[in-house]
Amino acid sequence: MMIDWPLFALFTATAFAAGSTGAFFSPGTWYDNLSKPVWTPPNWLFPLAWFVLYLSMAYAATRVAISGHPEVIYALAIWGLQIVFNTLWSPVFFGLHRLGPALVVLFGMWASVLAMTVSFWRIDLTAGLLVAPYVVWTSYAFALNFSIWRRNPYAAEMAGA
């Protein structure tokens with residue numbers, strides 16, 4: 001399959017634009033002071049993981065977009081939905097310090113990532129395999145967000161919000 005590089009660049013720019021909210025709403029001392037489970041990854045791992053995930057989801061979306069499959073429009077609409085949830089999570093969690101609402105956003109992200117993976121898989125096996133780790137990552141992120149939410153009932157107050 002020949003890749004459409006301008007389209008890949010567009011999907012990549014969109015994915016990294018969504019991820020840029022993490023730069024605007026970084027963890028900071030508020031996050032450092034939260035009670036977190038022992039299985040919380042080190043802070044340096046998050047940008048590395050997201051870098052790989054964003055490239056993978058952009059490449060997968062490009063493959064789906066050029067596949068000619070009749071369900072492309074639906075698969076890419078789901079891709080768009082998951083990127084919206086992806087964009088919202090950092091401002092809600094790190095910006096507003098609202099762990100419960102961030103969990104709701106993350107559930108929407110997980111559900112849309114799962115739906116995207118299934119739809120991509122049906123269209124292009126490679127695309128489905130490329131985004132499968134994203135389901136694992138969002139599942140882990142949901143469990144982590146849930147644990148932090150349960151451990152920190154006054155997280156918003158800790159931030160002075």
Side-chain angles (χ1 to χ4, degrees), residues 1-28 30-32 34 36-67 69 71-95 99 101-149:
M1 174 179 287
M2 291 293 298
I3 263 314
D4 181 328
W5 292 107
L7 188 58
F8 173 66
L10 180 63
F11 279 119
T12 301
T14 303
F16 281 98
S20 72
T21 59
F24 291 112
F25 301 99
S26 60
W30 169 80
Y31 180 74
D32 292 340
L34 292 175
K36 295 180 277 304
V38 296
W39 44 272
T40 302
N43 288 345
W44 62 264
L45 183 61
F46 290 101
L48 178 63
W50 279 113
F51 180 80
V52 171
L53 290 169
Y54 287 141
L55 285 179
S56 296
M57 74 174 78
Y59 184 67
T62 304
R63 289 183 61 92
V64 166
I66 64 175
S67 70
H69 194 281
E71 296 178 19
V72 164
I73 192 75
Y74 301 108
L76 293 180
I78 297 168
W79 189 93
L81 180 62
Q82 67 80 25
I83 212 73
V84 167
F85 283 117
N86 187 300
T87 304
L88 289 174
W89 186 83
S90 286
V92 174
F93 189 92
F94 293 121
L99 306 181
L103 197 57
V104 173
V105 171
L106 197 50
F107 180 77
M109 185 168 135
W110 176 84
S112 59
V113 168
L114 182 61
M116 176 187 69
T117 302
V118 170
S119 68
F120 278 23
W121 189 284
R122 290 170 40 134
I123 293 169
D124 180 83
L125 177 61
T126 301
L129 290 171
L130 281 165
V131 294
Y134 192 15
V135 175
V136 174
W137 182 256
T138 53
S139 299
Y140 176 77
F142 186 86
L144 182 60
N145 190 152
F146 180 78
S147 179
I148 293 171
W149 173 66

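Here, residue 1 is the first one in the sequence, and each next residue gets the next number. On a predicted model such as this, the values are computed, not experimentally measured, just so you know.
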Let me confirm one number: the CG-CH2 distance from Leu130 to Trp121, rounded to the nearest 0.5 Å. 10.5 Å
Answer yes or no: is there a side-chain heavy-atom contact under 4.5 Å between Phe94 and Thr21? no
Hey, would you say the Tyr59 and Phe11 ring centroids sit under 6.0 Å apart? no
In terms of heavy-atom contacts, Asp4 and Pro6 come closest through OD1-CD, 3.1 Å
Got a sec, which pairs hit salt bridge (Lys or Arg N to Asp or Glu O under 4.0 Å) with one end in residues 38-51, sequence neighbours left out? none
Could you go through the side-chain contact (heavy atoms from CB on, under 4.5 Å) check for Leu99 and Phe146 one step at a time? CA-CA 8 Å; Leu99 306 181; Phe146 180 78; over 6 Å; no
Exercise: identify the closest heavy-atom pair between Ile148 and Leu34: CG2-CD1, 3.9 Å
Between CZ of Phe93 and CG of Leu103, what distance do you get to the nearest 0.5 Å? 9.5 Å
Using the rule given for side-chain contact (heavy atoms from CB on, under 4.5 Å), can you reason through Leu10 versus Thr62, listing the C-alpha separation, both sets of side-chain angles and the distance that settles it, and then say yes or no? CA-CA 9 Å; Leu10 180 63; Thr62 304; over 6 Å; no
Between Ser67 and Ile123, the two heavy atoms sitting closest are OG-CG2, 3.3 Å
Counting only heavy atoms not in Ile73, do more than 12 sit closer than 6.0 Å to its CD1 atom? no
Is the CZ atom of Phe107 crowded by more than 12 outside heavy atoms at less than 6.0 Å? no
Please test Phe16 against Phe51 for side-chain contact (heavy atoms from CB on, under 4.5 Å), starting from the C-alpha separation and ending with a verdict. CA-CA 8 Å; Phe16 281 98; Phe51 180 80; 3.6 Å; yes
Is there a donor-acceptor pair closer than 3.5 Å between any side-chain N or O of Thr117 and the backbone N or O of Val113? yes
With side chains defined as the heavy atoms from C-beta onward, is the minimum distance between Phe120 and Leu125 less than 4.5 Å? no
So do the side chains of Asp124 and His69 get within less than 4.5 Å of each other, counting heavy atoms only? no
Is a side-chain N or O of Lys36 found less than 3.5 angstrom from the main chain of Tyr31, in a donor-acceptor match? yes
Heavy atoms of Leu53 and Pro133 approach each other most closely as CD2-C, 4.1 Å
Under 3.5 Å, side-chain donor or acceptor atoms of residues 85-92 against the rest of the protein: list the pairs with distances, not counting sequence neighbours.
{"from": "Asn86", "atom 1": "OD1", "to": "Tyr54", "atom 2": "OH", "distance (Å)": "2.8"}
{"from": "Asn86", "atom 1": "ND2", "to": "Tyr134", "atom 2": "OH", "distance (Å)": "2.9"}
{"from": "Thr87", "atom 1": "OG1", "to": "Ile83", "atom 2": "O", "distance (Å)": "2.7"}
{"from": "Trp89", "atom 1": "NE1", "to": "Ala102", "atom 2": "O", "distance (Å)": "3.4"}
{"from": "Trp89", "atom 1": "NE1", "to": "Asn145", "atom 2": "OD1", "distance (Å)": "3.0"}

What pair of heavy atoms forms the shortest contact from Met116 to Gln82, and how long is it? SD-CG, 3.8 Å
Where does the angle between the aromatic ring planes of Tyr140 and Trp137 fall among parallel (under 30°), tilted (30 to 60°) and perpendicular (over 60°)? tilted
Whether the side chain of Trp79 engages the backbone of Met57 through a donor-acceptor N/O pair (distance < 3.5 Å, no angle test) should be reported. yes
Within 6.0 angstrom of Phe46 CZ, more than 12 heavy atoms from elsewhere: yes
Closest approach of Arg63 to Ala127 (non-hydrogen atoms, all atoms of both residues): NE-N, 4.2 Å
Kindly state each residue pair satisfying salt bridge (Lys or Arg N to Asp or Glu O under 4.0 Å) with at least one member in residues 7-25, sequence neighbours excluded. none
Atom OG1 of Thr40 and atom CG of Leu144: how far apart are they, to the nearest 0.5 Å? 4.5 Å
